[in-house]
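Scroll down for the structure; my scribbles are underneath it.
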Amino acid sequence: MLDLKHIRNDPDAVRKAIADKGEKADLERLLSLDEELRALIVEADELKQDRNVSSERIAEMKKKGEDASELISQMRDVSARIKAFDERMAGLRDEIEALALTVPNIPHPSVPVGKDEDDNVLVREWGEPEEPCASPRPHWEIGEELGILNLPAATKIAGSGFICFVGLGALLERALIRFMLDVHTKEHGYTEVSTPFLSNRDAMTGTGQLPKLEEDMYRTSDDDLFLIPTAEVPITNIHREEILDGGRLPVRYVGYSPCFRREAGSYGKDTRGLIRVHQFDKVEMVKFVEPETSYDELESLTANAEDILQRLGIPYRVKTLCTGDLSFAAAKCYDIDAWAPGVGAWLEVSSCSNFEDFQARRSGIRYRPEDGGKPGFVHTLNGSGLALPRTLIAVVENYQTPDGRVRIPEALRPYMDGLAEIA
RNA sequence: GGAGAGGUGACUGAGUGGUCGAAGGUGCGCGACUGGAAAUCGCGUGUACGUGAUGAGCGUACCGAGGGUUCGAAUCCCUCCCUCUCCGCCA
C-alpha cells in the first residue's frame, strides 16, 4: 500500500506506475473519496469537541446540583449527528482502504519500462549453458528411469501437478534444502525460521497476495486460512504490527516451506515434469532493513541466491524485470534463471525483490531509528534461495551422463551420504 | 470441544460511568549534585489521523477487536479473537 499522502501529493507518479505495470486501479475515485472523507473529519471533529466540552460541563453542573437537562437533550442531538457522521466516514474509510489496496507499488527509477517478459533486461550470465551429452534428456525421463520420481503416484494422490520423489530422489530434495539453509545461515548471516504453512487473511493482505491473487491460492473454507504460496508470507508477517528497535536492523531470516499454488490461468503451460506444479518446496530469504540501505540489500540478496547456483555449478542468468512483468507489490525485482539442457530452457529458480515500504505499510512493520527519531516503515525484501523442483531439474539435467546416470555436485555430496552419483 | 480466569502504555501495575491518554513503580532521555560514578533530586518520555507550511500549536481517536446502552464508557451489556489453568481428545 502506498502512503495516501503520497498519492495525494503526486498522483501523476501513481498513475504512471499503474499504467506501466499494466494494473487497474481507480485512482480518481480514491482521490475524490479521500477529499470527501477529510472534509467530513473536520466537521465531525468539531462536533466531537463540542460533545467533550459539554460532557464536562454536565458533570460540573450535576456536581453542583444544577439542572443539566436542557444541555443533555441538546447533546443527545449532537451525539446523533456524530453517529451519522461516523457511519458515513466508516463507509468511506472501508471503500478507500479497499481501493488503496488495489494500487500497485511504484517501480524504482532504475526499472526498465516494458510490456511483458520480452522487455526484461539481461544483467549478467554465469557459466556456459552446455550440453552435458549429445542428446540431453528431460528430467522426467531420467527420473523415472532411475526410479527417483513417481509422478503417476502423485497424480493418484492429489491430481496432476504434484510431485512424488522416491528413494535417492527424495534424499536429493532434502539434501538441497539442507545445503541451501546451511549456506544462508552459516555464511550469509540469515537466521533460520520455521513457520506455519497456513496463514490468515490479514497476513496474506499484508504481503500483497490479497486481495488480488485470491484465485491463485488454496483456501480452507471452514477456518478461512490459506495454504501459503510462498514462505514470504509467514516470514514477513513475523513482525506485523511491530515497531522494531532500529539497532536490530537489518533482520535477515531464511526458512524452508512447501508452497501451494493453484496456478489458475496457466493451464496447458509447462504441463510435463516438475516445471510448474501446485505444490513445491522452497527456501526463502526475507530481510527487514532501513530504507537507506534497501537497494544495497537487494544486490546482496540476489548475490546470496546466485551463490547457491555457483556452488552447484549450474549456469544461470540474471534479469531485471521490466515494469510490465514486475509484480504488484515489488518496486524492483531480479529473476534468476537456471539453465536446464534436458528441456532446453531457462527456468526461473529465484525472484529477488525489494518492496520498499509497500508491504511494511500494509503490515504495520516499523522501526525506531537509533537516533531516537519518529518510527518509520522498514523496507522489506525477499528472494528465493532457491525454488527446489526447478533447481533439482537443473541438477539432474546438467549432471546427467550419456549412459543415464546422474552425478552429484561436489557441494551436495556431504548431504547425500558422500554419494557421487545416482545410477 | 467443556469449565474457569484474564487481556490497560517499552515493562510492571492501579483504575467498576464524568475531573482518565490513563495514578504509582521500573526502564529510558535531559538536567542538577559529583573529581568521576553510584545513590538522590527535578523535568520529560505513546501512536495514528485531521488542521496548519511535511514548523509551533490546536483538535479527534485509540486501555485485545467489533457492535450496543448513555449527554458522557478503560469502566455497563452483546459478539468475536487471543493467553493461562483444569477436563476431554490427539501426533
Side-chain angles (χ1 to χ4, degrees), chain A residues 1-11 13-14 30-101 194-206 220 222-226 234 237-249 251 291 357 360-378:
Chain A
M1 182 157 56
L2 299 173
D3 188 356
L4 265 177
K5 282 181 204 157
H6 182 235
I7 298 178
R8 219 181 274 152
N9 291 341
D10 195 0
V14 182
L30 178 59
L31 287 167
S32 83
L33 290 178
D34 173 58
E35 201 176 329
E36 192 182 335
L37 174 64
R38 279 182 295 143
L40 288 179
I41 287 173
V42 171
E43 272 191 83
D45 277 4
E46 275 172 25
L47 287 174
K48 286 176 183 176
Q49 184 180 8
D50 181 18
R51 179 177 68 184
N52 288 343
V53 170
S54 297
S55 289
E56 226 167 293
R57 270 194 62 204
I58 290 168
E60 275 171 39
M61 289 170 81
K62 286 200 163 185
K63 213 177 199 175
K64 289 184 195 158
E66 295 171 22
D67 177 23
S69 55
E70 193 183 327
L71 188 54
I72 287 175
S73 76
Q74 235 175 14
M75 282 306 106
R76 196 169 289 152
D77 181 53
V78 169
S79 272
R81 290 177 61 201
I82 289 173
K83 194 175 173 184
F85 267 106
D86 279 345
E87 275 165 17
R88 276 180 70 195
M89 292 194 297
L92 275 176
R93 285 199 164 98
D94 285 349
E95 201 176 341
I96 288 169
E97 166 92 2
L99 279 172
L101 286 175
S194 177
T195 66
F197 300 150
L198 283 93
S199 98
N200 59 31
R201 233 166 234 287
D202 286 345
M204 285 288 176
T205 305
T220 67
D222 283 349
D223 301 293
D224 203 30
L225 291 172
F226 296 85
N237 276 283
I238 285 174
H239 294 300
R240 182 153 50 97
E241 302 299 335
E242 285 184 20
I243 299 177
L244 300 170
D245 187 356
R248 275 184 71 187
L249 301 178
V251 173
D357 64 6
R361 179 169 282 109
R362 286 176 163 235
S363 310
I365 307 170
R366 293 177 289 171
Y367 75 105
R368 191 178 298 281
E370 280 194 278
D371 63 15
K374 286 229 158 208
F377 290 105
V378 300

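Both backbone and side-chain heavy atoms feed into the values below; hydrogens, waters and symmetry mates do not. Order of the sequence lines sets the chain letters (A, B, ...), proteins ahead of strands, with each chain counted from 1.
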Separation of the [atom1] atoms in [N] and [M], to the nearest angstrom:
{"N": "B:C71", "M": "B:C30", "atom1": "C1'", "value": "43 Å"}
{"N": "B:G17", "M": "B:G13", "atom1": "C1'", "value": "22 Å"}
{"N": "B:A39", "M": "B:G7", "atom1": "P", "value": "33 Å"}
{"N": "B:G66", "M": "B:A56", "atom1": "C1'", "value": "37 Å"}
{"N": "B:U26", "M": "B:U85", "atom1": "P", "value": "31 Å"}
{"N": "B:G46", "M": "B:A37", "atom1": "C1'", "value": "32 Å"}
{"N": "B:C78", "M": "B:G25", "atom1": "P", "value": "37 Å"}
{"N": "B:A10", "M": "B:A48", "atom1": "P", "value": "12 Å"}

Comparing A:Ile58 and A:Lys63 on RNA chain B - which has the more 5′ nearest nucleotide: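 So the residue in question is A:Lys63.
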
Residue closer to the 5' end of RNA chain B, A:Arg93 versus A:Asp45 (nearest nucleotide):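 By nearest-heavy-atom nucleotide position, the 5'-most residue is A:Arg93.
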
Without decimals, in angstroms, what is the distance between [X] [atom1] and [N] [atom2]?
{"X": "A:Arg248", "N": "B:A10", "atom1": "CZ", "atom2": "P", "answer": "16 Å"}
{"X": "A:Lys374", "N": "B:G46", "atom1": "NZ", "atom2": "C1'", "answer": "9 Å"}
{"X": "A:Ile41", "N": "B:U51", "atom1": "CD1", "atom2": "P", "answer": "7 Å"}
{"X": "A:Leu71", "N": "B:C71", "atom1": "CG", "atom2": "P", "answer": "12 Å"}
{"X": "A:Glu66", "N": "B:G18", "atom1": "CD", "atom2": "C1'", "answer": "15 Å"}
{"X": "A:Arg8", "N": "B:U54", "atom1": "CZ", "atom2": "C1'", "answer": "12 Å"}
{"X": "A:Ile72", "N": "B:U70", "atom1": "CD1", "atom2": "C1'", "answer": "10 Å"}
{"X": "A:Leu92", "N": "B:C49", "atom1": "CG", "atom2": "P", "answer": "18 Å"}

RNA chain B base-pair string [pairs: Watson-Crick or G-U under 3.5 Å; |: paired with another strand]: ((((((((.[[[..)..(.....]]]((((((.......))))))((((((.....)))))).[[[[[..)....]]]]])))))))....

For A:Arg366, side-chain hydrogen bond (donor to acceptor under 3.5 Å, both in side chains) partners two or more places apart: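 side-chain hydrogen bond (donor to acceptor under 3.5 Å, both in side chains) check on A:Arg366 returns nothing, list empty.
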
By side-chain hydrogen bond (donor to acceptor under 3.5 Å, both in side chains) - contacts of A:Asp10 (at least two apart):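 Result, side-chain hydrogen bond (donor to acceptor under 3.5 Å, both in side chains) vs A:Asp10: none returned.
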
Greater than 12 external heavy atoms within 6.0 Å of A:Arg88's CZ: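 No, CZ of A:Arg88 has 12 or fewer neighbouring heavy atoms, counting only those of other groups under 6.0 Å.
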
A:Glu66 atom CD, over 12 foreign heavy atoms within 6.0 Å: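 Count over threshold, so yes.
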
Taking only distance into account, with no hydrogens and no angle test, what donor-acceptor pairs under 3.5 Å do side-chain atoms of residues 72-82 of chain A form with protein atoms, sequence neighbours excluded?
residue : atom : partner : partner atom : Å
A:Ser73 : OG   : A:Glu70 : O            : 3.0

Partner set under side chain to side chain contact (heavy atoms under 4.5 Å, CB included) for A:Pro196, not counting sequence neighbours: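 Partners of A:Pro196 by the side chain to side chain contact (heavy atoms under 4.5 Å, CB included) criterion come out as none, since no residue qualifies.
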
Write down the protein N/O and nucleotide N/O pairs, taken from nucleotides 76-81 of chain B, whose separation is under 3.5 Å; answer none if there are no such pairs.
none

Using a 4.0 Å heavy-atom cut-off, does [X] contact any base of the nucleic acid, only the sugar-phosphate backbone, or nothing at all?
{"X": "A:Glu56", "value": "nothing"}
{"X": "A:Arg366", "value": "sugar-phosphate"}
{"X": "A:Asn52", "value": "sugar-phosphate"}

Would you give me the side-chain donor-acceptor pairs under 3.5 Å for residues 240-248 of chain A, sequence neighbours excluded?
residue  : atom : partner  : partner atom : Å
A:Arg240 : NE   : A:Asn237 : OD1          : 2.7
A:Glu242 : OE1  : A:His239 : ND1          : 2.9
A:Asp245 : OD1  : A:Gly247 : N            : 3.4

As an exercise, state the distance from [atom1] of [X] to [atom2] of [Y], rounded to the nearest 0.5 Å.
{"X": "A:Asn9", "Y": "A:Asp3", "atom1": "CG", "atom2": "CG", "answer": "8.5 Å"}
{"X": "A:Arg93", "Y": "A:Leu37", "atom1": "CZ", "atom2": "CG", "answer": "5.0 Å"}
{"X": "A:Ile96", "Y": "A:Leu33", "atom1": "CD1", "atom2": "CG", "answer": "5.5 Å"}
{"X": "A:Lys63", "Y": "A:Ile58", "atom1": "NZ", "atom2": "CD1", "answer": "14.5 Å"}

All pairs passing salt bridge (Lys or Arg N to Asp or Glu O under 4.0 Å) where residues 37-61 of chain A contributes a residue, at least two apart: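 Every pair satisfying salt bridge (Lys or Arg N to Asp or Glu O under 4.0 Å) with a residue in residues 37-61 of chain A: A:Asp34-A:Arg38, A:Lys48-A:Asp86.
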
Looking at the side chain of [X], which of [options] is the nearest nucleotide?
{"X": "A:Met75", "options": "B:C71, B:G50, B:G46", "answer": "B:C71"}
{"X": "A:Ser55", "options": "B:C71, B:A61, B:U51", "answer": "B:C71"}
{"X": "A:Lys5", "options": "B:C71, B:G46, B:G50", "answer": "B:G50"}

Filtered N/O pairs between nucleotides 62-66 of chain B and protein, under 3.5 Å:
none

Partner residues of A:Glu95 under the salt bridge (charged side-chain N to carboxylate O under 4.0 Å, His left out) criterion, sequence neighbours left out: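 So A:Glu95 forms a salt bridge (charged side-chain N to carboxylate O under 4.0 Å, His left out) with A:Arg29.
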
Partners meeting salt bridge (charged side-chain N to carboxylate O under 4.0 Å, His left out) with A:Asp67 (sequence neighbours left out):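 Salt bridge (charged side-chain N to carboxylate O under 4.0 Å, His left out) check on A:Asp67 returns nothing, list empty.
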
Nucleic acid contacts of residues 78-89 of chain A, taken as heavy-atom distances under 4.0 Å to RNA chain B: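 Correct list: A:Ser79, A:Lys83.
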
Distance test, side-chain N/O of A:Arg368 to OP1/OP2 of B:U47, below 4.0 Å: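 Answer yes for this pair, as a side-chain N or O of A:Arg368 is under 4.0 Å from OP1 or OP2.
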
N or O in side chain of A:Arg38 less than 4.0 angstrom from B:G52 OP1/OP2: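 It does not, given that no N or O in the side chain of A:Arg38 lies less than 4.0 Å from OP1 or OP2 of B:G52.
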
A:Arg362 side chain to A:Leu101 backbone, donor-acceptor under 3.5 Å: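 Between the backbone of A:Leu101 and the side chain of A:Arg362 there is a qualifying donor-acceptor contact (under 3.5 Å).
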
Heavy-atom pair of closest approach, residues A:Ala360 and A:Val378: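 Here A:Ala360 and A:Val378 meet closest at CB-O, 3.2 Å.
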
